[in-house]
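For reference, the structure is listed below as structure tokens.
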Amino acid sequence: VQLQASGGGLVQAGGSLRLSCAASGRAFSDYAVGWFRQAPGKEREVVIRMSRSGDRTYTADSVKGRFSISRDNTKNTAYLQMNSLKSEDTAVYYCAGHDTTGFDARWIPLPTYYDVWGQGTQVTVSS
């Protein structure tokens, strides 16, 4: 499967953005999907992750109550809705997918666990 992220841009603090992650190739429903971000000089960190069927979600504490993830397997697309954006949310955002064979929830935050990655999309929040 190939992933392509889009929807980034410049937004004022307190505003909202929705990122999209479009999949092609192998069935999108075969993969759990996560969103990561990487700010300059910082490590890539997981933001949010959704199971294959969409029934379970992991959300990083830093974005709880502000960010949500959804997916439409019929459209092979996942979404990251970001509300109440803060300057510290500024980063390049990546979508990623992983096969769930032998899944262990402890691995969710580990970028190395993810099999496929989209290109990043820049999100800049101005204060």
Search all heavy atoms of [X] against all heavy atoms of [Y] and return the closest pair with its distance.
X: Ala105; Y: Pro109; result: O-CD, 4.2 Å
X: Ser20; Y: Trp35; result: O-CH2, 3.5 Å
X: Asp104; Y: Tyr113; result: N-OH, 4.2 Å

To the nearest 0.5 Å, what is the distance between [atom1] ([X]) and [atom2] ([Y])?
X: Leu80; Y: Thr121; atom1: CG; atom2: OG1; value: 10.5 Å
X: Ile48; Y: Arg66; atom1: CD1; atom2: CZ; value: 11.0 Å
X: Arg71; Y: Thr57; atom1: CZ; atom2: OG1; value: 10.0 Å
X: Cys21; Y: Asn76; atom1: SG; atom2: CG; value: 10.0 Å

Under 4.5 Å between side-chain heavy atoms, counting indirect links through other Ile/Leu/Val/Met/Phe/Trp/Tyr residues: same cluster for [X] and [Y] or not?
X: Trp117; Y: Ile108; answer: yes
X: Leu19; Y: Val63; answer: yes
X: Leu85; Y: Val47; answer: yes

query: Is there a salt bridge (Lys or Arg N to Asp or Glu O under 4.0 Å) between Lys64 and Asp61 once you walk through the steps?
result: CA-CA 5 Å; Lys64 277 184 179 176; Asp61 289 342; 3.2 Å; yes

field: Positive for ring pair (Phe, Tyr, Trp, His ring centres under 6.0 Å) with Phe36, one of Tyr94, Tyr93, Tyr114
entry: Tyr114

Under the ring-ring contact (aromatic ring centres under 6.0 Å, His included) test, residues paired with Phe103 that sit two or more places apart: His98

- request: With sequence neighbours left out, write down each residue that passes side chain to side chain contact (heavy atoms under 4.5 Å, CB included) with Ser87, or none if nothing qualifies.
  value: Ser127

message: Restricting to side chain to side chain contact (heavy atoms under 4.5 Å, CB included), what partner residues turn up for Ser53, sequence neighbours left out?
response: Ser51, Asp55

Residues which pass salt bridge (Lys or Arg N to Asp or Glu O under 4.0 Å) with Arg56, listed by chain and number, not counting sequence neighbours: none

task: Indicate yes or no: at least one non-hydrogen side-chain atom of Val116 is less than 4.5 angstrom from one of Gln2.
output: no

task: Give the C-alpha distance, both sets of side-chain angles, the deciding distance and a yes or no for side chain to side chain contact (heavy atoms under 4.5 Å, CB included) between Ile69 and Val33.
output: CA-CA 9 Å; Ile69 186 172; Val33 63; 4.1 Å; yes

Which donor-acceptor pairs under 3.5 Å do the side chains of residues 38-46 make with protein atoms, sequence neighbours left out?
| unit_1 | atom_1 | unit_2 | atom_2 | d |
| --- | --- | --- | --- | --- |
| Gln38 | OE1 | Arg44 | NE | 3.2 |
| Gln38 | OE1 | Arg44 | NH2 | 3.3 |
| Gln38 | NE2 | Lys42 | O | 3.1 |
| Glu45 | OE2 | Arg37 | NE | 2.7 |
| Glu45 | OE2 | Arg37 | NH2 | 3.3 |

Ignoring hydrogens and angles, tell me if any N or O in the side chain of [X] forms a donor-acceptor pair with the backbone of [Y] under 3.5 Å.
X: Thr90; Y: Val125; answer: yes
X: Asn73; Y: Ala27; answer: no
X: Arg49; Y: Tyr58; answer: no

Could you give the side-chain donor-acceptor pairs of residues 3-18 under 3.5 Å, partners two or more places apart or in another chain?
| unit_1 | atom_1 | unit_2 | atom_2 | d |
| --- | --- | --- | --- | --- |
| Ser16 | OG | Asn83 | OD1 | 2.9 |

query: Does the pair Met82 and Asp89 meet the rule for a side chain to side chain contact (heavy atoms under 4.5 Å, CB included), with working shown?
result: CA-CA 9 Å; Met82 304 184 292; Asp89 295 320; over 6 Å; no

